[in-house]
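Here is the structure we will look at.
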Amino acid sequence: MARRTGNSRWRGLRNLTGKFRLADILPSGRTRAEYTAFFGLAALDPKSRLLDCAGGPASFNAEMTDAGFSVVSADPLYRFSAKAIAGRVDETRAQMEAGLRANRHRFVLNGPGAIRRHLQTRETATSRFLADYKAGRRAGRYRVAALPDLPFAAGSFDLALCSHYLFLYSGHLDTAAHIAAIAAMLDAAPEARIFPLLDLDGEPSRHVDPVRAALEARGHGAAIERVDYEFQKGGHAMLRVWR
Ligand SMILES: C[S@@+](CC[C@H](N)C(=O)[O-])C[C@H]1O[C@@H](n2cnc3c(N)ncnc32)[C@H](O)[C@@H]1O
């Protein structure tokens, strides 16, 4: 399966930044419970308008919408149909599982079957996303957009989130791209939160310190905060930045 990940449609697709191909990124989805832990959202004001950047096939939007929250997800992936996204997830499933099994020493795995349970959660999230996608796209909850180019008026949201894209793909995006992406999030919302702060190798992202320094130099506040979640070993912190 992993050998078949590069069908021509995906291989040829550059994201809007032109820095690297969307096909380089595995479209894996996380749940509302996971997002709540990544970003400390347990006490979220129900009136908050949330922007989920690089939302991918996460079920956060679907689950939050069901619970009465307002969430818009932005991702270049949303130019594709549900069928195409489902096909892409199918194509990359084996690659993701092989990566987890080969690098199991880098993850916090609680007991036998932990990898299977982790993958099952990804499946649950993706299925929930796919069931919501058509209606959500019609309602404007899934928007085709690639950081740092967000199609939203300044201040459209109260909080912007980014899970498993910035810092994780540190080898794909340079420091300037991270700064531009976070600046765009801070234009859309007064506060942005990013998780995790580790790269794909499970190492602290080399971009965190320079990005934080650059944002502070622009007058923004920034703090690294411990969160109640750890799957990548040592991956238990988010970056919180505010205007
Ligand atoms: C690993 S998935 C994470 C999905 C979701 N945030 C989650 O944690 O479950 C990474 C996502 O980043 C998206 N992506 C790639 N380039 C992007 C860009 N320039 N702006 C926003 N999202 C991008 C991909 O399409 C993919 O859906």
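For ligands, and for the atoms within them, numbers begin at 1 and follow the listed sequence.
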Would you mind running through ligand 1 and noting each atom that sits below 4.0 Å from a heavy atom of [X]?
{"X": "Y35", "value": "5 (C), 6 (N), 7 (C), 8 (O)"}
{"X": "S28", "value": "1 (C), 2 (S), 3 (C), 4 (C), 7 (C), 9 (O)"}
{"X": "L26", "value": "1 (C), 2 (S)"}
{"X": "G29", "value": "9 (O)"}

Exercise for the section: Before signing off on this row, confirm whether S163 and ligand 1 have an N or O atom pair separated by under 3.5 Å. Expected result: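 N/O-N/O distance under 3.5 Å: yes.
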Problem - Min N/O separation D52 to ligand 1 under 3.5 Å - result: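 Between D52 and ligand 1, no N or O pair is found under 3.5 Å apart.
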Exercise for the section: Would you tell me which option among A58, A54, A145, P196 has the nearest heavy-atom contact to atom 6 (N) of ligand 1? Expected result: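 It is A54 that holds the nearest heavy atom.
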Practice task
Select the closest option to atom 5 (C) of ligand 1 among A177, P27, G55, judged by heavy-atom distance.
Solution key: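 Answer by nearest heavy atom: G55.
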Exercise for the section: Examine H164 together with Y169 and report whether their ring centres are nearer than 6.0 Å. Expected result: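 No, ring centres 6.0 Å or more apart.
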Exercise for the section: Establish, yes or no, whether a centroid distance under 6.0 Å links the rings of F195 and F167. Expected result: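 Distance test on ring centres: not under 6.0 Å, no.
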Practice task
Please say whether more than 12 non-hydrogen atoms of neighbouring residues, nucleotides or ligands are located less than 6.0 Å from CG in D45.
Solution key: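 Yes, enclosed.
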Problem - K134 atom NZ, neighbour heavy-atom count above 12 within 6.0 Å - result: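 It does not: K134 NZ has 12 such atoms or fewer within range.
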Practice task
Compare every heavy atom of L197 with every heavy atom of M238, then report the nearest pair and how far apart it is.
Solution key: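 Heavy atoms only, the tightest pair is C-CD1, 3.7 Å.
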Handout entry: A181 contact mode with ligand 1 (heavy-atom cut-off under 4.0 Å)
Key =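 Under 4.0 Å from ligand 1, A181 contributes no heavy atoms.
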Handout entry: ligand 1 contact on L147 by region, counting heavy-atom pairs under 4.0 Å
Key =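 Both parts.
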Practice task
Go through the structure and list residues passing salt bridge (charged side-chain N to carboxylate O under 4.0 Å, His left out) with E203, not counting sequence neighbours.
Solution key: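 Applying salt bridge (charged side-chain N to carboxylate O under 4.0 Å, His left out) to E203 gives none.
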Practice task
Measure up the Y142 and F129 rings against each other and bin them: parallel (under 30°), tilted (30 to 60°), perpendicular (over 60°).
Solution key: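 Y142 and F129: perpendicular rings.
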